[in-house]
Amino acid sequence: MGNAKIVITAAADQDLEEMKNIVNEDKASRVTKTELASWIISFFKAAYFTKHVQTIRGDHFDEIAHMEEVVRQMKAARNAGGSIEVGGLLAPVIQRQKNQTTATGTKRTQKIESEPKE
């Protein structure tokens with residue numbers, strides 16, 4: 001099997017380096033960052049991905065992409081001569097904004113929200 005390339009953030013690279021060093025403290029084990037990243041991805045997919053897919057989606061929710069999908073569905077309904085319940089389609093955006101306001105007292109942007117909390 002060939003190798004593929006991915007780009008990770010500097011923080012994730014630092015975490016990967018630290019994990020690699022811990023694994024390699026045992027002189028009987030030797031792993032490169034590429035091997036470790038591949039192992040982590042395969043292990044996570046097999047053991048945890050299904051359990052955490054909703055969390056991943058929530059952490060990477062894009063209001064604009066969601067709204068574009070809402071507009072696409074509204075256009076499809078209009079073209080089919082039907083109607084669509086817009087409130088339900090907007091619910092994820094509205095709920096997310098309510099949660100942001102409740103948690104912080106003010107609305108936060110996605111960029112600030114995705115930064116690690118110290």
Side-chain angles (χ1 to χ4, degrees):
M1 213 188 302
N3 288 333
K5 302 249 183 215
I6 62 170
V7 176
I8 59 176
T9 64
D13 185 61
Q14 177 70 31
D15 291 340
L16 187 60
E17 180 70 28
E18 290 174 18
M19 290 187 294
K20 178 195 72 127
N21 291 338
I22 291 169
V23 170
N24 288 341
E25 285 175 357
D26 176 1
K27 299 304 179 196
S29 299
R30 277 288 173 253
V31 67
T32 65
K33 286 194 326 187
T34 299
E35 292 167 335
L36 182 57
S38 294
W39 184 91
I40 290 168
I41 291 167
S42 295
F43 181 80
F44 181 84
K45 182 180 181 276
Y48 298 106
F49 182 73
T50 303
K51 297 173 191 170
H52 295 282
V53 70
Q54 287 304 112
T55 302
I56 295 167
R57 286 177 178 159
D59 287 350
H60 295 87
F61 183 79
D62 182 332
E63 289 180 357
I64 293 173
H66 181 79
M67 295 304 294
E68 288 170 344
E69 177 62 16
V70 168
V71 169
R72 187 194 66 72
Q73 290 180 29
M74 290 172 65
K75 286 180 179 178
R78 179 188 64 198
N79 292 340
S83 63
I84 194 162
E85 178 13 65
V86 178
L89 295 174
L90 297 178
V93 173
I94 294 167
Q95 185 61 44
R96 185 172 175 89
Q97 289 178 350
K98 283 181 183 177
N99 290 345
Q100 290 172 345
T101 302
T102 301
T104 64
T106 60
K107 187 175 171 190
R108 295 170 55 172
T109 65
Q110 285 183 354
K111 177 147 177 70
I112 292 171
E113 180 180 295
S114 65
E115 293 176 357
K117 296 175 178 91
E118 295 182 28

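Side-chain atoms are counted along with the backbone in the values below, which use heavy atoms only and exclude waters and symmetry mates.
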Is a side-chain donor or acceptor of [X] paired with a backbone partner of [Y] at a separation under 3.5 angstrom?
X	Y	value
Asp13	Ile8	no
His66	Asp62	no
Glu18	Asp15	no
Arg78	Ser83	no

When clusters are formed by joining ILVMFWY residues with side-chain heavy atoms under 4.5 Å apart, either directly or through shared neighbours, do [X] and [Y] land in the same one?
X	Y	value
Phe44	Leu16	yes
Val71	Met67	no
Ile22	Met19	no

How far apart are the C-alpha atoms of Phe49 and Ile56, what are their side-chain angles, what is the distance that settles it, and do they pass the side-chain contact (heavy atoms from CB on, under 4.5 Å) test?
-> CA-CA 9 Å; Phe49 182 73; Ile56 295 167; 3.9 Å; yes
Considering all heavy atoms, the nearest Lys20-Leu36 contact =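 Lys20 and Leu36 have their closest heavy atoms at N-CD2, 3.4 Å.
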Grab the two heavy atoms, one from Val31 and one from Asn24, that are nearest each other, plus how far apart they are.
-> N-OD1, 2.8 Å
How long is the straight-line distance from [atom2] of [Y] back to [atom1] of [X], given to the nearest 0.5 Å?
X	Y	atom1	atom2	result
Ile6	Ser38	CD1	OG	7.5 Å
Ile94	Glu63	CD1	CD	10.5 Å
Gln54	Phe61	CD	CZ	11.5 Å
Thr34	Asn3	OG1	CG	7.0 Å

Do Thr50 and Lys45 come close enough that some side-chain heavy atom pair is under 4.5 Å?
-> no
Assign the ring pair Tyr48 / His52 to parallel, tilted or perpendicular, where the plane angle (0 to 90°) is split at 30° and 60°.
->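 Plane angle between 30° and 60°, so tilted.
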NZ (Lys75) with more than 12 external heavy atoms under 6.0 Å |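 Incorrect, the count does not exceed 12.
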From CA spacing to verdict: side-chain contact (heavy atoms from CB on, under 4.5 Å), Val70, Gln73 = CA-CA 5 Å; Val70 168; Gln73 290 180 29; 5.9 Å; no
